[in-house]
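To keep things clear, I will list the structure first and then write my remarks on it.
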Amino acid sequence: MITKQISIFIENRHGRLAEVTDIIAKNGINIRALSVADTTSFGILRLIVDDPERLEGILRENRITASITSVLTVCIGDKPGALVDLLRKLEDIQIEYMYTYISADGGDACIILRVDRDEEAVHRLTAAGFRGPDKI
Amino acid sequence: MNFFQRDIETMPRKELEALQLARLRHLVDYVDRNVPFYHKRLAEAGVTADKIKTLSDIQYIPYTTKADIRDTYPFGLFAVDRKKIVRIHASSGTTGKPTVVGYTKQDLDTWSECVARLTMAAGASEDDIVQICFGYGLFTGALGLHYGLEKIGATVVPSSSGNTEKQIMLMKDFGTTALVSTPSYAYYISEVARDIGVDPRTLNVRLGLFGSEGCTPEMRQKIEEAWNLFATDNYGMSELMGPGVSGECRERCGMHFAEDHFLPEIINPETGEVLPRGEQGELVVTTLTKEGIPLLRYRTKDITRIHYDTCACGRTHARMDKPTGRSDDMLKIKGVNVFPSQIESVLIAIPQVGANYQIVLGTKNYMDTFEINIEVTDAALLDHYGELEKLQKLVHHKLQTVLGLDAKINLVQPRSLERFQGKARRVVDNRVK
């Protein structure tokens, strides 16, 4: 249920996102999920990839500032109301989430959450019947 | 404490000043006879060697400026026949023609002697392996340090600038103990070293001989921490000779002039009047012993202060503070006078800001715009947007409170700012003049 996420600083400049994703593609790393948020002058690109440690090394060689953090991945059914069930549950167990995005894979949707207390969240969500994806 | 020429470097001031006076009188006569430009200048001012009775009589001699050297391009100010010139250097002419200087054999000897003094004062010796990471060529920095360091018997590695990863390999393999470079390149090398998995602190480099661009105390501290070395500054300019005009001793309380070769003064850059000892103003230097291209009262444009008391190291030669800036570099932003070094002092004190920043000035609606680009190097900032925004606000606030300047802060990709392996380009002025 816990996976590694890579966050990359992206300057809001023409072609910058393409440059970064090009580096990832050329190294044969597959992007499983992605979120880009931006302000007027910069953005943070958050990625779930198949080999985060290797990507971190590649980014460092290319002098791109990046950090690895742990995030929660939770499967929910691809149907109305599935997301709200999860968010309500987090509220119940008093886990704060900072941001979330979605990766849809086959029949299920997978929610990626950055929460304040990973282990406790896993423990309590599992107890409530939630599960993580087999593979991301 | 090591001296290259102890007798000269610790000469009582009275004797030193008598020597300077004798040399000044000789110089005035020498340029009067050998340089038509000076013959004319001195005649217009009514100055002859006989009229120089004390050192303060120098005030009757007109100043020489960079424009004078340019106007006589290339060899107009040379005082000897071209056959006696054994070396030519030129300073980077950012606008138009470069300023050209020529050296006789004697000049090259004096030059290496001056550099030998400052490198020993900084703590270098024959035990050192010194890597010179200045670009070789017309620029005086590299060859100046090169010959001076050879003179003290150090092992010189003329690796020049560029190819930073190779520089690091040489440092590691040769066991380099001292580094000659600009402060910004020294810092850059340490960043690249870390990128390729080498901790600069584990290398042998224990002494930095930095020059050719200014360095704030905060930047120096960052470099010292990055490398675990002792950083010293030295000062010079090609018009006067190159490096060797002045340099720091281990006390680091100012850069000692080689006062038997260079006579310094401080003037008010606006009015041209000589300021009393101890005041801050523009540095003016007379080359007392140069044969190739001697200069009378050369206006350096560097703003500094001179101290005449004897240093704890025993040297009696006067010391200059690090220049706070060049009278040319002073920026007037939205009506506020500020040196780029003052902005650097503010930025470098903020830990999340890389030592690399750029000041960008522009014009919008007839008004100055003032922006600062800062490289985001701290990955910890990426967890949360709030952190990046907090940093922007913090930088803005510091500049506002310390300098009274209202800046727009842009966060940019690391290593995206224009960087030179020589001097860093810190200010981009796109204002409509």
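Worth knowing before you read on, the calculation uses all heavy atoms, side chains too, and leaves out hydrogens, waters and symmetry mates.
The parts of A:Ile64 that come within reach of chain B are both its backbone and its side chain, each placing non-hydrogen atoms under 4.5 angstrom from that chain.
In this structure the side chain of A:Phe9 reaches within 4.5 angstrom of the side chain of B:Leu411, judged on heavy atoms. Side-chain contact between B:Asp383 and A:Arg114 is present, with heavy atoms from C-beta onward closer than 4.5 Å. At a threshold of 4.5 Å between non-hydrogen side-chain atoms, the residues A:Thr65 and B:Leu382 count as touching.
Taking CZ of A:Arg60 as the start and CD1 of B:Ile196 as the end, the distance is 12.5 Å to the nearest 0.5 Å. Note that OG of A:Ser7 and CG of B:Leu381 are 11.5 Å apart. Values are rounded to the nearest 0.5 Å.
Nearest heavy atoms, A:Ala66 versus B:Ala379: O-CB, 3.2 Å. Closest non-hydrogen pair, A:Arg63 versus B:Gln413, comes out as O-NE2, 4.5 Å.
No more than 12 heavy atoms of other residues, nucleotides or ligands lie within 6.0 Å of CD in B:Glu165, so this atom counts as exposed by the packing criterion.
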